[in-house]
**Q** 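My questions will all concern the structure given below.
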Amino acid sequence: MNTDTTGQIHVLLGLPGSGKGTQATRICEDVDIIHLSSGDIFRRFAANSHSNHLYRRIREHIDCGELVPNDLACNIVMREIESIHREGKGVILDGFPRTLSQAEFLDERLSENDGHISSIINLAVSEETSLERILDRGRHDDLPEIAKKRLEVHLRLSDPVLDYYRCKGRLVEVDGDRAQDEVKTDLLRVMGVEI
Ligand code: AMP
């Protein structure tokens, strides 16, 4: 266990509503590490969709519960990861990689730079819990029809990401259907981070 997370990359996977964002935010209160949520980045861009054609394209995808196209997602998120590394910080990735080609892209880019992923965690909750939590939080892309669509897209495109890391023997499952403190303790243990 260590307190220095410099240069580390921790990947937090899980269904929408699995608690990735909540847990990453809580961990960042105690550990000097950056929470990088691809959903937050893209929502920020979408909020400025009036100013830019690219942002408008991103908004169109978010608003119908579809994923932002892979090439865009990869370039935008990778730029952020590299900027965090330049600042000498570690990062928890929340929402990326979300497709097999994003996972392969991340591995390729990291290996080109002698980097690697420190931990890969699936925050596991049932589909029922996922839908319930999404509908409870009331974000504008969390309306019932869009929420269902996002869950469906996730199961179709993101399950292969779990299989990809599972086959490499890298995936650790953490039960996300428990009290927040218990989940957080487990996550920190798997990340090998001491607070
Ligand atoms: P989230 O907050 O992670 O549920 O993401 C909200 C929305 O942002 C998703 O429904 C997608 O439209 C988009 N998004 C987030 N992460 C990604 C990603 N890695 N690849 C493509 N689209 C993404």
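For the single chain, residues carry numbers from 1 onward in sequence order. Only a predicted model underlies this, so the values are computations on that prediction, with no experimental measurement involved. Counting starts at 1 for both ligands and their atoms, following the listed order.
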**Q** Name all residues meeting the side chain to side chain contact (heavy atoms under 4.5 Å, CB included) criterion together with L143; count only those two or more places apart in sequence or in a different chain, and write none if there are none.
**A** I146

**Q** Does a side chain donor of either Y164 or D107 reach within less than 3.5 Å of an acceptor in the other side chain?
**A** yes

**Q** Taking NZ, NE, NH1 and NH2 as the nitrogens, is one of them in R156 or E152 under 4.0 Å from a carboxylate oxygen of the other?
**A** yes

**Q** Any link between L157 and F105 through a network of hydrophobic side chains (Ile, Leu, Val, Met, Phe, Trp, Tyr) touching at under 4.5 Å?
**A** no

**Q** Roughly how far, to the nearest 0.5 Å, is the OG atom of S158 from the CG atom of L67?
**A** 6.5 Å

**Q** Can you check whether G7's main-chain N or O pairs, donor with acceptor, with H85's side chain at less than 3.5 Å?
**A** yes

**Q** Can you list every protein residue that has a heavy atom under 4.0 Å from any atom of ligand 1, sorted by chain and residue number?
**A** S38, G39, F42, R43, I62, E66, L67, V68, A73, G95, F96, R98, Q102, R139, D141, R150

